[in-house]
Asker: 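First the structure, which I've put down as C-alpha cells, then a few questions once you've had a look.
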Amino acid sequence: MDLEVVVGDITVLETDAIVNAANSSLLGGGGVDGAIHRAAGPELLRHCRRLGGCEVGRAKVTPGFALATTWIIHTVGPVWRGGHDGEPELLASCYRASLTCADEVGARTVAFPAISTGVYGYPIGEAAVVALDAVTSSGTDVQAVTFVCFDDANRRAYRAALGS
Ligand code: AR6
C-alpha cells in the first residue's frame, strides 16, 4: 500500500473516497465536518438524515455529491479523555471501519484527516501513531492512503510516526 502525507484541504482531493471526522449525529458540525458539508452541498445533509447516526469507532458511506471524490466515509472519533478510556482502540477502529467501507464500495484511493485531533482533543503525536498502525495492519484492498494534515505541525507528527 502507498502511504502519503500532505498538507492541505481534504475537500479538494480527487481520491476515490475521503473520510470525514464526524460526530455521532452525522448531521454536520465544525472543523473538517463543516468544511465537507459546505463543499459537498445540501444534498449531503439530506442523505445523512436518513442514516440514523453512527457510533464512535464505526463508519458509514455516502456519495460525494458536489465534491470531486466519489465517496465520503463518515466516521466518529473518540473524544480525548486522557487516554485511559479506550481512546486508542476506538481511534484505530475508526481507521479500520473506514477502510472496510472503502472496500465495500470498491474505493482504491482514500484520504484521511487527522480524526479526533481537533475539537475532540486527541494529541496529534499519539493519534498519528495509531492512524499509521491501524491502516498498515488492516488487510484492506485500498491501494493508496493519503493522510491530509491541516498544518505543518500535524505533518511533522506523521513524518515522525512514519520514521519510527
Ligand atoms: N482538511 C483537512 N483537515 C482539516 C480540515 C480540512 N478542510 N479542517 C480541519 N481539519 P476536527 P475532530 C483538521 O475538529 O477532532 C466537528 O464539529 C483539523 O485541523 O475537524 O474529530 C464534528 O462535527 C484537525 O487536525 O475533528 C465533531 O463534532 C482534524 O482535521 C467534531 O468536530 C480533525 O479536527 C469532531 O472532532
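Here, residue 1 is the first one in the sequence, and each next residue gets the next number. Nothing here was measured: the structure is a model prediction, and the numbers come from that model. In each ligand, atom 1 is the first atom listed, and ligand 1 is the first ligand listed.
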Asker: How long is the gap from NE2 on His74 to CG on Asp33, to the nearest 0.5 Å?
Answerer: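 His74 NE2 to Asp33 CG: 8.0 Å, rounded to 0.5 Å.
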
Asker: State which residues pass ring pair (Phe, Tyr, Trp, His ring centres under 6.0 Å) with Trp80; sequence neighbours excluded, sorted by chain then number.
Answerer: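 Trp80: ring pair (Phe, Tyr, Trp, His ring centres under 6.0 Å) contacts with Tyr122.
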
Asker: Does a donor on one side chain and an acceptor on the other come within less than 3.5 Å for Asp16 and Thr70?
Answerer: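 Judged by distance alone, the side chains do not pair up.
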
Asker: For residues 54-61, please give each side-chain donor-acceptor pair under 3.5 Å, one per line with the distance, not counting sequence neighbours.
Answerer:
{"residue": "Lys60", "atom": "NZ", "partner": "Leu51", "partner atom": "O", "Å": "2.7"}
{"residue": "Lys60", "atom": "NZ", "partner": "Gly53", "partner atom": "O", "Å": "2.6"}

Asker: Which residues pass the ring pair (Phe, Tyr, Trp, His ring centres under 6.0 Å) test with Phe65, sequence neighbours left out?
Answerer: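 Expected list: His47.
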
Asker: Give every pair formed by an N or O atom of ligand 1 and a protein N or O atom closer than 3.5 Å, one pair per line with both atom names and the distance to 0.1 Å, or write none.
Answerer:
{"residue": "ligand 1", "atom": "1 (N)", "partner": "Ile10", "partner atom": "N", "Å": "3.0"}
{"residue": "ligand 1", "atom": "7 (N)", "partner": "Asp9", "partner atom": "OD1", "Å": "2.9"}
{"residue": "ligand 1", "atom": "14 (O)", "partner": "Val119", "partner atom": "N", "Å": "2.8"}
{"residue": "ligand 1", "atom": "15 (O)", "partner": "Ser116", "partner atom": "O", "Å": "3.4"}
{"residue": "ligand 1", "atom": "15 (O)", "partner": "Thr117", "partner atom": "N", "Å": "3.4"}
{"residue": "ligand 1", "atom": "15 (O)", "partner": "Gly118", "partner atom": "N", "Å": "2.8"}
{"residue": "ligand 1", "atom": "15 (O)", "partner": "Val119", "partner atom": "N", "Å": "3.2"}
{"residue": "ligand 1", "atom": "15 (O)", "partner": "Tyr120", "partner atom": "N", "Å": "3.0"}
{"residue": "ligand 1", "atom": "17 (O)", "partner": "Gly30", "partner atom": "N", "Å": "2.7"}
{"residue": "ligand 1", "atom": "20 (O)", "partner": "Val32", "partner atom": "N", "Å": "2.8"}
{"residue": "ligand 1", "atom": "21 (O)", "partner": "Ser116", "partner atom": "N", "Å": "2.8"}
{"residue": "ligand 1", "atom": "23 (O)", "partner": "Asn23", "partner atom": "ND2", "Å": "2.7"}
{"residue": "ligand 1", "atom": "23 (O)", "partner": "Asp33", "partner atom": "OD2", "Å": "2.7"}
{"residue": "ligand 1", "atom": "25 (O)", "partner": "Thr117", "partner atom": "OG1", "Å": "3.0"}
{"residue": "ligand 1", "atom": "25 (O)", "partner": "Asn154", "partner atom": "ND2", "Å": "3.1"}
{"residue": "ligand 1", "atom": "28 (O)", "partner": "Asn23", "partner atom": "ND2", "Å": "3.4"}
{"residue": "ligand 1", "atom": "28 (O)", "partner": "Tyr120", "partner atom": "OH", "Å": "3.4"}
{"residue": "ligand 1", "atom": "34 (O)", "partner": "Gly118", "partner atom": "N", "Å": "3.3"}

Asker: I need the Tyr158 OH to Cys149 SG distance, nearest 0.5 Å.
Answerer: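 It comes to 5.5 Å.
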
